[in-house]
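Throughout, protein chains are lettered first and strands after them, A, B, ... in sequence-line order, and every chain is numbered starting at 1.
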Amino acid sequence: MEGFVYSQPGTLREAFSLLTNKKGKLVAGGTDLLGEIQDGIIAPGLLVSLERIQGLKTMREEKNGLRIGALVTLAELESDKIVAEHYPLLAAAAGEVATPQLRAQATIGGNLCQRPRCWYYRGDFNCLKKGGAVCYAEDGENQYHAILGGGPCHIVHPSDMAVALLAMGASARVVGPRGEKTVPLEKFFVLPQVDVKRETILAPGEILVEIRVPKPLPEARWVFRKMRERGAWDFALVSVAAYAVTKDKVIQEARIVLGGVAPIPWRAVRAEQALKGKTLTGPVMRLAGEATVTDARPLSQNEYKIRLARNLVRQVLATLA
Amino acid sequence: MDEKRKRLTISRRDFLKGGAIGTAALSSGLLLRSGVEAQSAPPGAKISRITLKINGAAHTLEADNRWTLLYILRDQLGLTGAKQGCDGGQCGACTVLIDGKPLYACMVLGIAAPGKEILTIEGLAKGEELHPVQQAFVEEMGYQCAFCTPGMILSAKGLLDRNPKPSETDIRQGLAGNLCRCAAYPKIIRAVTAAAKRIAS
(Lines give C-alpha, C1' and ligand atoms only; values in the text may rest on other atoms or scores of the structure.)
Protein backbone atom coordinates (compact mmCIF):
# COMPACT_ATOMS: atom_id res chain seq x y z
CA MET A 1 0.00 0.00 0.00
CA GLU A 2 1.20 3.46 -0.87
CA GLY A 3 1.87 6.00 1.82
CA PHE A 4 -0.03 9.24 1.95
CA VAL A 5 0.99 12.85 1.97
CA TYR A 6 -0.32 14.67 5.03
CA SER A 7 -1.17 18.27 4.46
CA GLN A 8 -2.31 20.89 6.96
CA PRO A 9 -3.53 23.91 4.99
CA GLY A 10 -4.22 27.14 6.85
CA THR A 11 -7.09 28.30 4.66
CA LEU A 12 -10.07 26.80 2.87
CA ARG A 13 -8.74 28.13 -0.42
CA GLU A 14 -5.54 26.14 0.05
CA ALA A 15 -7.58 23.09 0.98
CA PHE A 16 -9.63 23.35 -2.23
CA SER A 17 -6.55 23.58 -4.41
CA LEU A 18 -5.05 20.54 -2.69
CA LEU A 19 -8.26 18.58 -3.14
CA THR A 20 -8.62 19.34 -6.83
CA ASN A 21 -5.03 18.46 -7.64
CA LYS A 22 -4.88 15.03 -6.09
CA LYS A 23 -7.01 12.19 -4.91
CA GLY A 24 -7.30 13.45 -1.38
CA LYS A 25 -9.45 12.85 1.67
CA LEU A 26 -10.42 15.40 4.27
CA VAL A 27 -9.58 14.59 7.85
CA ALA A 28 -10.99 16.31 10.93
CA GLY A 29 -10.77 14.26 14.15
CA GLY A 30 -9.86 11.20 12.10
CA THR A 31 -11.53 8.58 14.29
CA ASP A 32 -13.63 7.25 11.41
CA LEU A 33 -11.16 7.88 8.58
CA LEU A 34 -8.26 6.10 10.28
CA GLY A 35 -10.42 3.04 10.81
CA GLU A 36 -11.34 3.04 7.13
CA ILE A 37 -7.70 3.26 6.08
CA GLN A 38 -6.64 0.60 8.59
CA ASP A 39 -9.34 -1.74 7.34
CA GLY A 40 -8.27 -1.19 3.74
CA ILE A 41 -11.60 0.27 2.61
CA ILE A 42 -9.92 3.39 1.26
CA ALA A 43 -6.31 4.10 0.33
CA PRO A 44 -5.98 7.87 -0.12
CA GLY A 45 -2.73 9.28 -1.46
CA LEU A 46 -3.32 12.55 0.35
CA LEU A 47 -4.89 13.50 3.66
CA VAL A 48 -5.95 17.12 3.99
CA SER A 49 -6.26 18.03 7.66
CA LEU A 50 -8.73 20.78 8.52
CA GLU A 51 -7.17 21.35 11.91
CA ARG A 52 -5.26 24.56 11.11
CA ILE A 53 -8.00 26.31 9.18
CA GLN A 54 -9.09 29.36 11.11
CA GLY A 55 -12.62 29.56 12.41
CA LEU A 56 -13.66 25.93 12.08
CA LYS A 57 -13.20 25.27 15.80
CA THR A 58 -15.39 28.06 17.12
CA MET A 59 -18.92 27.93 18.39
CA ARG A 60 -20.99 30.99 19.11
CA GLU A 61 -24.54 31.92 19.87
CA GLU A 62 -26.20 34.70 17.94
CA LYS A 63 -29.68 36.15 18.08
CA ASN A 64 -31.09 33.55 15.70
CA GLY A 65 -29.33 30.55 17.08
CA LEU A 66 -26.14 28.60 17.46
CA ARG A 67 -23.32 28.39 14.94
CA ILE A 68 -21.10 25.37 15.40
CA GLY A 69 -17.83 25.14 13.49
CA ALA A 70 -17.36 21.77 11.83
CA LEU A 71 -14.29 21.03 13.95
CA VAL A 72 -15.97 21.59 17.32
CA THR A 73 -15.60 18.31 19.19
CA LEU A 74 -18.45 16.29 20.63
CA ALA A 75 -16.88 16.70 24.09
CA GLU A 76 -17.13 20.47 23.68
CA LEU A 77 -20.79 20.20 22.73
CA GLU A 78 -21.38 17.92 25.69
CA SER A 79 -19.84 20.30 28.22
CA ASP A 80 -20.52 23.77 26.80
CA LYS A 81 -22.62 25.94 29.12
CA ILE A 82 -24.65 27.67 26.40
CA VAL A 83 -25.41 24.35 24.71
CA ALA A 84 -26.43 22.82 28.04
CA GLU A 85 -28.74 25.72 28.80
CA HIS A 86 -30.38 26.49 25.45
CA TYR A 87 -29.75 23.41 23.29
CA PRO A 88 -29.72 20.52 25.78
CA LEU A 89 -30.89 18.06 23.13
CA LEU A 90 -27.49 18.46 21.47
CA ALA A 91 -25.61 18.03 24.74
CA ALA A 92 -27.67 14.93 25.53
CA ALA A 93 -26.99 13.34 22.14
CA ALA A 94 -23.28 14.23 22.25
CA GLY A 95 -22.93 12.60 25.67
CA GLU A 96 -24.31 9.33 24.29
CA VAL A 97 -21.75 9.02 21.49
CA ALA A 98 -18.92 6.48 21.82
CA THR A 99 -16.53 7.15 24.74
CA PRO A 100 -14.90 10.16 26.44
CA GLN A 101 -11.71 9.56 24.43
CA LEU A 102 -13.51 9.43 21.09
CA ARG A 103 -15.75 12.37 21.96
CA ALA A 104 -12.66 14.46 22.76
CA GLN A 105 -11.29 13.78 19.28
CA ALA A 106 -14.36 13.37 17.10
CA THR A 107 -15.84 16.50 15.55
CA ILE A 108 -19.41 17.46 14.76
CA GLY A 109 -18.56 17.74 11.06
CA GLY A 110 -16.91 14.34 11.01
CA ASN A 111 -19.79 12.82 12.93
CA LEU A 112 -22.22 13.95 10.21
CA CYS A 113 -19.90 12.76 7.43
CA GLN A 114 -18.94 9.40 8.98
CA ARG A 115 -19.30 6.30 6.84
CA PRO A 116 -21.67 3.45 7.71
CA ARG A 117 -20.86 0.68 10.16
CA CYS A 118 -22.36 -2.10 8.02
CA TRP A 119 -20.09 -5.11 8.48
CA TYR A 120 -20.13 -5.91 4.78
CA TYR A 121 -19.01 -2.38 3.98
CA ARG A 122 -16.35 -2.49 6.72
CA GLY A 123 -15.37 -6.04 5.91
CA ASP A 124 -13.78 -7.70 2.93
CA PHE A 125 -16.87 -7.64 0.72
CA ASN A 126 -17.15 -5.86 -2.59
CA CYS A 127 -20.59 -4.49 -1.83
CA LEU A 128 -22.63 -1.90 -3.72
CA LYS A 129 -21.02 0.95 -1.80
CA LYS A 130 -17.60 -0.19 -2.95
CA GLY A 131 -18.63 -0.58 -6.57
CA GLY A 132 -19.80 -4.18 -6.40
CA ALA A 133 -23.07 -5.56 -7.70
CA VAL A 134 -24.67 -6.83 -4.49
CA CYS A 135 -25.87 -5.69 -1.09
CA TYR A 136 -24.78 -8.65 1.00
CA ALA A 137 -27.12 -7.65 3.82
CA GLU A 138 -30.17 -8.54 1.74
CA ASP A 139 -29.66 -12.27 2.16
CA GLY A 140 -26.98 -12.16 4.83
CA GLU A 141 -26.58 -11.08 8.43
CA ASN A 142 -28.87 -8.09 8.63
CA GLN A 143 -29.95 -7.71 12.25
CA TYR A 144 -28.55 -4.18 12.45
CA HIS A 145 -29.69 -2.98 9.05
CA ALA A 146 -32.43 -0.66 7.83
CA ILE A 147 -36.18 -1.11 8.21
CA LEU A 148 -37.04 2.16 6.48
CA GLY A 149 -35.75 3.77 3.28
CA GLY A 150 -33.47 0.85 2.44
CA GLY A 151 -32.56 -0.45 -1.01
CA PRO A 152 -30.61 -1.14 -3.02
CA CYS A 153 -28.20 -0.80 -0.05
CA HIS A 154 -29.50 -1.36 3.48
CA ILE A 155 -27.10 0.50 5.76
CA VAL A 156 -28.31 2.53 8.70
CA HIS A 157 -26.90 5.97 9.34
CA PRO A 158 -24.78 5.74 12.50
CA SER A 159 -24.85 9.36 13.69
CA ASP A 160 -26.58 10.30 16.95
CA MET A 161 -25.85 13.98 16.40
CA ALA A 162 -27.63 14.03 13.04
CA VAL A 163 -30.79 12.77 14.72
CA ALA A 164 -30.71 15.50 17.37
CA LEU A 165 -29.75 18.24 14.90
CA LEU A 166 -32.49 17.30 12.46
CA ALA A 167 -35.06 17.43 15.26
CA MET A 168 -33.87 20.96 16.03
CA GLY A 169 -34.21 22.04 12.39
CA ALA A 170 -30.48 22.58 11.87
CA SER A 171 -28.81 23.38 8.57
CA ALA A 172 -25.37 22.78 7.13
CA ARG A 173 -23.09 25.37 5.53
CA VAL A 174 -21.08 23.83 2.74
CA VAL A 175 -18.25 25.61 0.97
CA GLY A 176 -16.74 24.56 -2.34
CA PRO A 177 -14.24 26.03 -4.78
CA ARG A 178 -17.11 27.72 -6.62
CA GLY A 179 -18.98 29.22 -3.69
CA GLU A 180 -21.04 28.24 -0.71
CA LYS A 181 -24.53 27.09 0.14
CA THR A 182 -26.57 26.49 3.27
CA VAL A 183 -28.85 23.47 3.14
CA PRO A 184 -31.34 22.16 5.69
CA LEU A 185 -29.73 19.11 7.28
CA GLU A 186 -32.59 16.96 5.99
CA LYS A 187 -31.41 17.72 2.47
CA PHE A 188 -27.79 17.06 3.40
CA PHE A 189 -28.20 13.29 3.57
CA VAL A 190 -28.73 11.10 0.52
CA LEU A 191 -30.58 7.80 0.27
CA PRO A 192 -28.87 4.89 -1.51
CA GLN A 193 -31.59 4.91 -4.15
CA VAL A 194 -30.30 8.38 -5.13
CA ASP A 195 -26.58 7.59 -4.87
CA VAL A 196 -25.42 4.34 -3.37
CA LYS A 197 -21.79 5.39 -2.98
CA ARG A 198 -22.23 8.31 -0.63
CA GLU A 199 -24.40 9.33 2.30
CA THR A 200 -24.30 13.11 1.90
CA ILE A 201 -24.66 15.68 -0.87
CA LEU A 202 -21.00 16.69 -0.54
CA ALA A 203 -19.32 16.60 -3.93
CA PRO A 204 -15.57 15.97 -4.13
CA GLY A 205 -13.83 19.17 -3.06
CA GLU A 206 -16.74 20.49 -1.01
CA ILE A 207 -16.29 20.98 2.72
CA LEU A 208 -18.89 21.05 5.48
CA VAL A 209 -17.75 24.05 7.49
CA GLU A 210 -20.55 24.91 9.90
CA ILE A 211 -23.79 23.70 11.45
CA ARG A 212 -26.46 26.26 12.25
CA VAL A 213 -29.08 25.50 14.84
CA PRO A 214 -32.07 27.82 15.13
CA LYS A 215 -32.88 29.06 18.60
CA PRO A 216 -35.68 26.93 19.99
CA LEU A 217 -38.97 28.63 20.81
CA PRO A 218 -39.35 29.26 24.55
CA GLU A 219 -42.27 26.83 24.76
CA ALA A 220 -40.46 24.06 22.90
CA ARG A 221 -39.64 20.77 24.62
CA TRP A 222 -37.44 17.89 23.56
CA VAL A 223 -36.20 14.43 24.41
CA PHE A 224 -33.40 12.22 23.11
CA ARG A 225 -33.29 8.44 23.69
CA LYS A 226 -30.76 5.96 22.41
CA MET A 227 -31.30 2.23 22.60
CA ARG A 228 -28.19 0.08 22.28
CA GLU A 229 -27.04 -3.38 23.20
CA ARG A 230 -24.43 -2.24 25.71
CA GLY A 231 -24.73 0.43 28.39
CA ALA A 232 -22.01 2.52 26.75
CA TRP A 233 -19.67 2.65 23.74
CA ASP A 234 -22.11 1.40 21.16
CA PHE A 235 -23.96 2.59 18.10
CA ALA A 236 -27.73 2.94 18.33
CA LEU A 237 -30.04 0.07 17.56
CA VAL A 238 -32.67 2.76 17.43
CA SER A 239 -32.46 6.35 18.65
CA VAL A 240 -35.20 8.95 18.75
CA ALA A 241 -35.08 12.71 19.08
CA ALA A 242 -38.35 14.56 19.54
CA TYR A 243 -38.93 18.29 19.46
CA ALA A 244 -42.39 19.67 20.13
CA VAL A 245 -43.93 23.09 20.50
CA THR A 246 -47.19 23.04 22.45
CA LYS A 247 -49.74 25.68 23.28
CA ASP A 248 -52.34 24.91 25.94
CA LYS A 249 -51.15 21.31 25.69
CA VAL A 250 -52.03 21.20 21.99
CA ILE A 251 -49.11 20.32 19.72
CA GLN A 252 -48.46 23.13 17.24
CA GLU A 253 -45.36 21.61 15.72
CA ALA A 254 -43.55 18.33 16.22
CA ARG A 255 -40.41 16.89 14.76
CA ILE A 256 -39.66 13.22 15.35
CA VAL A 257 -36.37 11.89 14.01
CA LEU A 258 -35.00 8.35 14.28
CA GLY A 259 -31.48 6.97 14.05
CA GLY A 260 -30.45 3.38 13.42
CA VAL A 261 -33.48 2.59 11.27
CA ALA A 262 -32.69 4.00 7.82
CA PRO A 263 -29.74 4.89 5.57
CA ILE A 264 -30.24 8.52 6.56
CA PRO A 265 -31.41 10.06 9.84
CA TRP A 266 -35.10 9.39 9.40
CA ARG A 267 -37.74 12.01 9.90
CA ALA A 268 -40.99 10.28 10.89
CA VAL A 269 -43.28 12.56 8.92
CA ARG A 270 -46.34 10.36 9.39
CA ALA A 271 -45.89 10.45 13.16
CA GLU A 272 -45.52 14.21 13.07
CA GLN A 273 -48.77 14.49 11.10
CA ALA A 274 -50.50 12.26 13.62
CA LEU A 275 -49.43 14.60 16.41
CA LYS A 276 -50.21 17.99 14.93
CA GLY A 277 -53.15 19.70 16.61
CA LYS A 278 -53.54 16.92 19.20
CA THR A 279 -52.88 16.71 22.89
CA LEU A 280 -50.54 13.97 24.07
CA THR A 281 -52.98 11.36 25.34
CA GLY A 282 -52.31 7.62 25.44
CA PRO A 283 -54.15 6.87 22.18
CA VAL A 284 -52.43 9.75 20.34
CA MET A 285 -49.02 8.54 21.45
CA ARG A 286 -49.86 4.99 20.38
CA LEU A 287 -51.04 6.24 17.00
CA ALA A 288 -47.84 8.26 16.51
CA GLY A 289 -45.79 5.16 17.36
CA GLU A 290 -47.72 3.11 14.78
CA ALA A 291 -47.42 5.87 12.18
CA THR A 292 -43.63 5.87 12.62
CA VAL A 293 -43.36 2.32 11.28
CA THR A 294 -46.25 2.20 8.79
CA ASP A 295 -43.82 2.15 5.87
CA ALA A 296 -41.27 -0.13 7.53
CA ARG A 297 -40.10 -3.19 5.60
CA PRO A 298 -37.90 -5.46 7.67
CA LEU A 299 -35.17 -7.75 6.38
CA SER A 300 -34.94 -11.34 7.62
CA GLN A 301 -33.36 -10.57 11.02
CA ASN A 302 -34.37 -7.04 12.00
CA GLU A 303 -38.10 -7.10 12.55
CA TYR A 304 -37.43 -6.33 16.22
CA LYS A 305 -36.47 -2.82 15.18
CA ILE A 306 -40.05 -2.13 14.15
CA ARG A 307 -41.32 -2.79 17.66
CA LEU A 308 -38.37 -0.94 19.12
CA ALA A 309 -38.93 2.15 16.98
CA ARG A 310 -42.68 2.14 17.59
CA ASN A 311 -42.35 1.79 21.35
CA LEU A 312 -39.42 4.17 21.68
CA VAL A 313 -41.44 6.91 19.95
CA ARG A 314 -44.31 6.27 22.37
CA GLN A 315 -41.93 6.36 25.32
CA VAL A 316 -40.32 9.60 24.17
CA LEU A 317 -43.74 11.22 23.70
CA ALA A 318 -44.79 10.06 27.17
CA THR A 319 -41.78 11.92 28.56
CA LEU A 320 -42.92 15.05 26.73
CA ALA A 321 -46.55 14.77 27.89
CA MET B 1 -19.42 -17.92 -9.47
CA ASP B 2 -21.58 -15.02 -10.55
CA GLU B 3 -22.61 -12.33 -8.09
CA LYS B 4 -26.19 -13.52 -7.82
CA ARG B 5 -25.12 -17.04 -6.98
CA LYS B 6 -22.51 -15.74 -4.54
CA ARG B 7 -25.17 -13.72 -2.81
CA LEU B 8 -27.41 -16.69 -2.37
CA THR B 9 -24.71 -18.93 -1.01
CA ILE B 10 -23.01 -16.55 1.37
CA SER B 11 -23.13 -18.10 4.77
CA ARG B 12 -22.05 -17.30 8.27
CA ARG B 13 -18.90 -19.33 7.58
CA ASP B 14 -18.13 -17.20 4.50
CA PHE B 15 -18.75 -14.14 6.60
CA LEU B 16 -16.25 -15.27 9.22
CA LYS B 17 -13.76 -16.18 6.52
CA GLY B 18 -14.20 -12.70 5.11
CA GLY B 19 -13.41 -11.30 8.53
CA ALA B 20 -10.28 -13.42 8.77
CA ILE B 21 -9.04 -12.19 5.40
CA GLY B 22 -9.66 -8.64 6.57
CA THR B 23 -7.59 -9.29 9.67
CA ALA B 24 -4.75 -10.79 7.67
CA ALA B 25 -4.72 -7.73 5.44
CA LEU B 26 -4.30 -5.55 8.50
CA SER B 27 -1.05 -7.07 9.57
CA SER B 28 0.52 -6.02 6.29
CA GLY B 29 0.25 -2.57 7.84
CA LEU B 30 -1.67 0.16 6.11
CA LEU B 31 -1.49 2.51 8.97
CA LEU B 32 1.43 0.88 10.63
CA ARG B 33 0.20 -0.73 13.75
CA SER B 34 2.28 -1.24 16.82
CA GLY B 35 3.95 -4.62 16.92
CA VAL B 36 4.03 -4.83 13.12
CA GLU B 37 7.54 -5.22 11.77
CA ALA B 38 8.50 -1.82 10.38
CA GLN B 39 9.77 -2.07 6.84
CA SER B 40 12.87 0.05 6.47
CA ALA B 41 11.74 1.50 3.16
CA PRO B 42 8.11 0.60 2.53
CA PRO B 43 6.97 1.23 -1.03
CA GLY B 44 5.57 4.69 -1.46
CA ALA B 45 6.43 5.68 2.09
CA LYS B 46 6.02 9.36 2.80
CA ILE B 47 8.46 10.33 5.51
CA SER B 48 8.23 13.46 7.60
CA ARG B 49 10.60 14.83 10.18
CA ILE B 50 8.53 15.49 13.28
CA THR B 51 9.18 16.62 16.83
CA LEU B 52 6.90 15.31 19.54
CA LYS B 53 6.76 16.60 23.08
CA ILE B 54 6.35 13.60 25.29
CA ASN B 55 6.47 13.73 29.07
CA GLY B 56 8.10 17.14 28.85
CA ALA B 57 10.94 16.05 26.54
CA ALA B 58 11.24 16.73 22.81
CA HIS B 59 11.77 13.74 20.53
CA THR B 60 12.64 14.32 16.88
CA LEU B 61 12.32 11.47 14.43
CA GLU B 62 11.86 10.59 10.78
CA ALA B 63 8.35 9.22 10.74
CA ASP B 64 6.32 7.47 8.08
CA ASN B 65 3.08 9.44 7.75
CA ARG B 66 1.20 6.20 8.32
CA TRP B 67 2.57 5.70 11.81
CA THR B 68 0.14 6.08 14.65
CA LEU B 69 1.22 7.80 17.84
CA LEU B 70 0.95 4.42 19.57
CA TYR B 71 3.39 2.84 17.11
CA ILE B 72 5.83 5.72 17.59
CA LEU B 73 5.61 5.56 21.38
CA ARG B 74 6.09 1.81 21.62
CA ASP B 75 8.20 0.80 18.66
CA GLN B 76 10.22 3.92 17.90
CA LEU B 77 10.73 5.43 21.34
CA GLY B 78 10.48 2.37 23.58
CA LEU B 79 7.71 3.87 25.69
CA THR B 80 5.72 0.67 26.11
CA GLY B 81 3.49 1.91 28.94
CA ALA B 82 0.70 2.67 26.48
CA LYS B 83 -0.56 -0.81 25.65
CA GLN B 84 -1.62 -2.12 22.29
CA GLY B 85 -4.90 -3.96 22.68
CA CYS B 86 -7.30 -3.68 19.76
CA ASP B 87 -5.29 -1.02 17.87
CA GLY B 88 -8.55 0.31 16.52
CA GLY B 89 -10.13 2.61 19.11
CA GLN B 90 -12.14 -0.13 20.76
CA CYS B 91 -10.42 -1.00 24.05
CA GLY B 92 -8.74 2.03 25.65
CA ALA B 93 -5.48 0.29 26.62
CA CYS B 94 -3.44 2.86 24.67
CA THR B 95 -5.03 5.90 26.34
CA VAL B 96 -2.60 8.79 26.76
CA LEU B 97 -3.21 12.43 27.68
CA ILE B 98 -2.88 14.89 24.81
CA ASP B 99 -3.11 18.51 25.93
CA GLY B 100 -4.66 17.12 29.12
CA LYS B 101 -7.36 15.08 27.42
CA PRO B 102 -7.45 11.29 27.42
CA LEU B 103 -7.22 10.10 23.80
CA TYR B 104 -6.52 6.77 22.10
CA ALA B 105 -2.92 6.82 20.86
CA CYS B 106 -3.87 4.25 18.21
CA MET B 107 -6.35 6.70 16.69
CA VAL B 108 -3.92 9.63 16.45
CA LEU B 109 -1.47 9.92 13.58
CA GLY B 110 2.05 10.80 14.69
CA ILE B 111 2.19 13.40 11.94
CA ALA B 112 -0.78 15.18 13.56
CA ALA B 113 0.77 15.25 17.04
CA PRO B 114 3.61 17.85 16.88
CA GLY B 115 2.94 20.92 19.00
CA LYS B 116 0.84 19.00 21.49
CA GLU B 117 1.72 17.99 25.05
CA ILE B 118 1.69 14.22 25.25
CA LEU B 119 1.70 12.52 28.63
CA THR B 120 2.17 8.77 28.91
CA ILE B 121 2.13 6.66 32.04
CA GLU B 122 5.95 6.86 32.12
CA GLY B 123 5.72 10.61 32.73
CA LEU B 124 3.18 10.54 35.55
CA ALA B 125 5.27 9.75 38.63
CA LYS B 126 7.76 12.28 39.96
CA GLY B 127 10.90 10.19 40.27
CA GLU B 128 10.10 7.50 42.83
CA GLU B 129 6.99 9.30 44.03
CA LEU B 130 3.84 7.88 42.45
CA HIS B 131 1.06 10.14 41.28
CA PRO B 132 -1.93 10.02 43.69
CA VAL B 133 -3.98 8.10 41.09
CA GLN B 134 -1.20 5.52 40.73
CA GLN B 135 -0.84 5.25 44.51
CA ALA B 136 -4.58 4.73 44.90
CA PHE B 137 -4.61 1.99 42.23
CA VAL B 138 -1.81 0.21 44.14
CA GLU B 139 -3.48 0.53 47.54
CA GLU B 140 -6.95 -0.45 46.37
CA MET B 141 -5.59 -3.12 44.02
CA GLY B 142 -7.45 -1.53 41.12
CA TYR B 143 -6.28 -4.16 38.66
CA GLN B 144 -5.93 -7.86 38.13
CA CYS B 145 -3.62 -8.60 35.17
CA ALA B 146 -2.94 -4.82 34.87
CA PHE B 147 -2.80 -4.67 31.08
CA CYS B 148 -5.52 -1.98 31.06
CA THR B 149 -4.06 -0.12 34.06
CA PRO B 150 -1.94 2.56 32.33
CA GLY B 151 -4.93 3.55 30.21
CA MET B 152 -7.29 3.39 33.19
CA ILE B 153 -4.99 5.59 35.29
CA LEU B 154 -4.63 8.22 32.55
CA SER B 155 -8.38 8.23 31.90
CA ALA B 156 -8.91 8.65 35.64
CA LYS B 157 -6.40 11.50 35.77
CA GLY B 158 -8.16 13.21 32.86
CA LEU B 159 -11.48 12.81 34.65
CA LEU B 160 -10.22 14.10 38.02
CA ASP B 161 -8.50 17.08 36.39
CA ARG B 162 -11.82 18.29 35.00
CA ASN B 163 -14.05 16.97 37.79
CA PRO B 164 -12.19 16.67 41.12
CA LYS B 165 -15.23 15.41 43.00
CA PRO B 166 -16.82 12.80 40.74
CA SER B 167 -19.84 10.74 41.76
CA GLU B 168 -19.70 7.02 41.13
CA THR B 169 -21.77 7.62 37.97
CA ASP B 170 -19.25 10.25 36.85
CA ILE B 171 -16.43 7.74 37.37
CA ARG B 172 -18.25 5.00 35.46
CA GLN B 173 -18.93 7.41 32.60
CA GLY B 174 -15.43 8.86 32.73
CA LEU B 175 -13.91 5.38 32.39
CA ALA B 176 -16.47 4.08 29.88
CA GLY B 177 -13.82 4.18 27.16
CA ASN B 178 -11.48 1.72 28.89
CA LEU B 179 -12.19 -1.98 28.97
CA CYS B 180 -10.86 -4.30 31.66
CA ARG B 181 -10.75 -7.86 30.39
CA CYS B 182 -10.45 -9.16 33.96
CA ALA B 183 -13.54 -7.14 34.93
CA ALA B 184 -11.81 -5.60 37.93
CA TYR B 185 -14.20 -2.67 37.63
CA PRO B 186 -15.41 -2.52 41.27
CA LYS B 187 -11.85 -2.12 42.53
CA ILE B 188 -10.97 0.29 39.74
CA ILE B 189 -13.91 2.49 40.73
CA ARG B 190 -12.85 2.23 44.38
CA ALA B 191 -9.31 3.27 43.38
CA VAL B 192 -10.53 6.35 41.50
CA THR B 193 -12.76 7.30 44.44
CA ALA B 194 -9.77 6.96 46.76
CA ALA B 195 -7.60 8.97 44.35
CA ALA B 196 -10.11 11.84 44.37
CA LYS B 197 -9.99 11.91 48.19
CA ARG B 198 -6.21 11.68 48.17
CA ILE B 199 -5.90 14.63 45.77
CA ALA B 200 -8.43 16.71 47.74
CA SER B 201 -6.62 16.22 51.05
Side-chain angles (χ1 to χ4, degrees), chain A residues 1-8 27 29-47 49 51-52 73 75 78-79 95-96 98-106 119-120 122-128 132-141 230-234, chain B residues 2-4 6-12 14-15 17-26 28-31 33 42-48 64-66 68 87-90 92 94-95 98-99 101-104 106-109 111-112 151 155 158-159 162 172-179:
Chain A
M1 123 90 181
E2 297 288 306
F4 49 78
V5 173
Y6 191 82
S7 172
Q8 295 174 294
V27 54
T31 55
D32 188 44
L33 191 81
L34 258 61
E36 280 209 305
I37 298 174
Q38 273 177 325
D39 291 346
I41 301 167
I42 53 169
L46 167 71
L47 295 189
S49 166
E51 206 180 357
R52 290 192 185 159
T73 66
E78 185 189 0
S79 60
E96 298 281 328
T99 66
Q101 287 94 323
L102 289 168
R103 293 197 292 273
Q105 193 176 344
W119 40 35
Y120 297 106
R122 297 275 164 175
D124 195 19
F125 293 86
N126 188 30
C127 74
L128 284 175
V134 173
C135 171
Y136 290 94
E138 276 193 357
D139 296 319
E141 301 289 326
R230 301 191 292 200
W233 206 345
D234 208 352
Chain B
D2 66 21
E3 284 289 1
K4 182 77 183 168
K6 191 173 167 192
R7 169 165 62 160
L8 292 174
T9 55
I10 190 154
S11 65
R12 195 178 291 263
D14 288 330
F15 182 76
K17 256 180 0 203
I21 292 162
T23 310
L26 292 182
S28 66
L30 301 177
L31 282 172
R33 291 170 182 251
K46 304 287 189 294
I47 308 292
S48 305
D64 187 317
N65 289 353
R66 293 172 291 186
T68 63
D87 216 4
Q90 296 178 28
C94 68
T95 299
I98 299 183
D99 290 338
K101 287 177 283 198
L103 293 181
Y104 300 138
C106 74
M107 284 272 107
V108 175
L109 286 174
I111 182 81
S155 266
L159 168 69
R162 62 178 188 272
R172 285 172 179 272
Q173 287 174 351
L175 299 184
N178 295 74
L179 298 185

## Note on the structure
A:Gln101 and B:Asn178 have their tightest heavy-atom pair at NE2-OD1, 2.8 Å
### Message
With a 4.5 Å cut-off on side-chain heavy atoms, are A:Leu34 and B:Tyr104 touching?
### Response
no
### Contact class of B:Ser48 relative to chain A, heavy atoms under 4.5 angstrom
neither
### Message
What's the separation between atom OH in A:Tyr6 and atom CD1 in B:Ile111, rounded to the nearest 0.5 Å?
### Response
7.5 Å
### Summary
B:Ala176 and A:Ala232 have their tightest heavy-atom pair at CB-CB, 4.1 Å
### A:Arg122 atom CZ, over 12 foreign heavy atoms within 6.0 Å
yes
## Note on the structure
Rounded to the nearest 0.5 angstrom, the CG-OG1 distance for B:Leu175 and A:Thr99 is 11.0 Å
### Query
About how many Å separate NZ of B:Lys46 and CG of A:Leu47, when rounded to the nearest 0.5 Å?
11.0 Å
### Message
With rounding to the nearest 0.5 angstrom, report the CZ to CD1 distance, B:Arg66 to A:Ile37.
### Response
10.5 Å
### Query
Can you tell me if A:Gln38 uses its side chain to pair, donor with acceptor, with the backbone of B:Gly88 under 3.5 Å?
no
### Task
Taking all heavy atoms of A:Gly35 and all of B:Met107, pick out the closest pair and write down the distance.
N-CE, 4.4 Å
